[in-house]
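Note sheet for the following structure.
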Amino acid sequence: MSVSPDLGLLAGDVLDVAPRLLGATLRHDGVTVRLTEVEAYAGSDDPGSHAYRGPTPRTRVMFGPAGTLYAYLSYGMHVCANVVTGPEGTASAVLLRAGEVVEGAHLARERRSTTRDRDLARGPANLCRALGIGLDLGGSDLATGPVRLELTAPLSRDRISTGPRVGLRGAPDRPWRFWLTGEPSVSAYRPAARRP
DNA sequence: AGGGTGATTAGG
DNA sequence: CTAATCACCCTC
């Protein structure tokens with residue numbers, strides 16, 4: 001099975017690309033993860049996106065070509081990874097929320113302090129930790145760089161569930177979260193904290 | 001339910 | 001410069 005990974009597909013609309021990433025594999029430094037949960041962010045059209053108010057030093061890679069890794073630091077301690085999608089300039093991206101470790105589980109266990117294997121890459125920050133993805137990898141090319149994305153055949157729509165994104169204050173109503181129905185590695189839904 | 005933690009950002 | 005915000009995780 002020598003299917004060449006056509007990352008050119010990532011140049012499409014983020015809402016089409018996001019579900020296509022389910023089942024794809026992400027590999028880095030000895031650990032491979034099969035993606036089970038993602039979220040779409042539509043750049044300047046999307047109040048929930050970091051890129052909503054235009055380019056900044058942090059978000060500049062999202063305005064670049066599709067197939068690039070956008071990594072950011074969350075709450076001062078967590079790294080989260082996104083795949084940049086869409087035509088250059090649209091600043092859309094897909095947040096990788098969870099996955100199943102399919103290779104290098106022993107290494108992933110060393111990087112994580114959890115007892116259950118299903119939790120190794122459960123949640124966007126945990127996924128990055130299991131894979132050993134740091135901020136320094138942001139901006140790298142997912143086809144040729146240290147972090148490799150490999151697409152798989154599209155999964156049938158009836159295996160995919162959709163719902164609201166996790167933890168957003170802006171645009172919490174858009175059902176732009178996609179996950180594989182019944183997967184134990186999918187993170188629990190938590191509504192955004194309410195402003196007092 | 002609450003706290004840790006620091007980059008990032010808008011605003012003065 | 002300041003202060004608010006934050007696409008989270010863990011423990012209580």
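Basis for what follows: all heavy atoms, side chains included, without hydrogens, waters or symmetry-related copies. A, B, ... follow the sequence lines: proteins, then strands. Residue 1 opens every chain. This one's a predicted model, so the numbers in the text were calculated from it and none came from an experiment.
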Quiz item: Does a sphere of radius 6.0 Å around CZ in A:F63 hold more than 12 heavy atoms from other residues, nucleotides or ligands, not counting ones at 6.0 Å or beyond?
Solution: yes

Practice problem: Using whole Å, report how far CE of A:M77 lies from P of B:dG3. | Solution: 13 Å

Quiz item: Between A:R53 and C:dT5, is there a side-chain N or O to OP1/OP2 distance below 4.0 Å?
Solution: no

Quiz item: Is there a donor-acceptor contact under 3.5 Å linking the side chains of A:T32 and A:T25?
Solution: no

Self-check item: Charged tip of A:R20 within 45° of A:F178 ring normal and under 6.0 Å
Solution: no

Practice problem: Looking at every strand, decide which applies to A:G123 at a 4.0 Å heavy-atom threshold: base, sugar-phosphate, or nothing. | Solution: sugar-phosphate

Quiz item: With centres under 5.5 Å and planes under 30° as the test, does A:Y41 stack with C:dA7?
Solution: yes

Self-check item: Candidates B:dT8, C:dC9, B:dG4 - which lies nearest the side chain of A:R58
Solution: B:dT8

Practice problem: Return the nearest nucleotide to the side chain of A:P57; candidates are C:dA7, B:dT9, C:dC10. | Solution: B:dT9

Quiz prompt | Whole-Å distance separating the CZ atom of A:R116 from the P atom of C:dC10 | solution = 11 Å

Exercise. Indicate yes or no: does A:R122 engage A:E183 in a salt bridge with an N to O separation below 4.0 Å.
Key: no

Quiz item: With nearest nucleotides of DNA chain B determined for A:L135 and A:H78 from heavy-atom distances, which residue corresponds to the more 5′ nucleotide?
Solution: A:H78

Practice problem: Using Watson-Crick or G-U wobble pairs with both distances under 3.5 Å, give me DNA chain B in dot-bracket, 5' to 3', with [ ] for crossers and | for pairs to another strand. | Solution: ||||.||||||.

Quiz item: Can the ring centres of A:H50 and A:Y72 be said to be less than 6.0 Å apart?
Solution: yes

Quiz prompt | Listed nucleotide nearest any side-chain atom of A:L73, set C:dA7, C:dC8, B:dA7 | solution = B:dA7

Self-check item: A:R165/A:E39 salt bridge by N-O under 4.0 Å criterion
Solution: no

Practice problem: Scan A:R177 against the nucleic acid and name what it touches under 4.0 Å (heavy atoms): base, sugar-phosphate only, or nothing. | Solution: nothing

Quiz item: Can you check whether A:P146's main-chain N or O pairs, donor with acceptor, with A:R27's side chain at less than 3.5 Å?
Solution: no

Practice problem: Using modelled atom types only, decide if a donor and an acceptor are shared between the side chain of A:E88 and the backbone of A:A66 within a distance under 3.5 Å. | Solution: no

Quiz item: Can you find a side chain N or O atom of A:R169 that sits less than 4.0 Å from OP1 or OP2 on C:dC6?
Solution: yes

Quiz item: Quick one: A:D136 CG to B:dA7 P, roughly how many Å, whole number?
Solution: 15 Å

Practice problem: Take the protein atom OH of A:Y75 and the nucleotide atom P of C:dC10, then report the distance between them rounded to whole Å. | Solution: 15 Å

Quiz item: Considering only C:dA7, C:dC10, C:dC8, which nucleotide approaches the side chain of A:C80 most closely?
Solution: C:dC8

Quiz item: Do the side-chain N or O atoms of A:R97 get closer than 4.0 angstrom to the phosphate oxygens (OP1, OP2) of C:dC8?
Solution: yes

Self-check item: Rounded distance (Å) that lies between atom P of B:dT9 and atom OH of A:Y72
Solution: 13 Å

Quiz item: Using a cut-off of 4.0 Å on non-hydrogen atoms, how would the nucleic acid contact of A:N82 be classed: base, sugar-phosphate, or nothing?
Solution: base

Quiz item: Of the candidate nucleotides C:dC8, B:dT9, C:dC9, which contains the atom at the shortest distance from the side chain of A:S74?
Solution: C:dC8

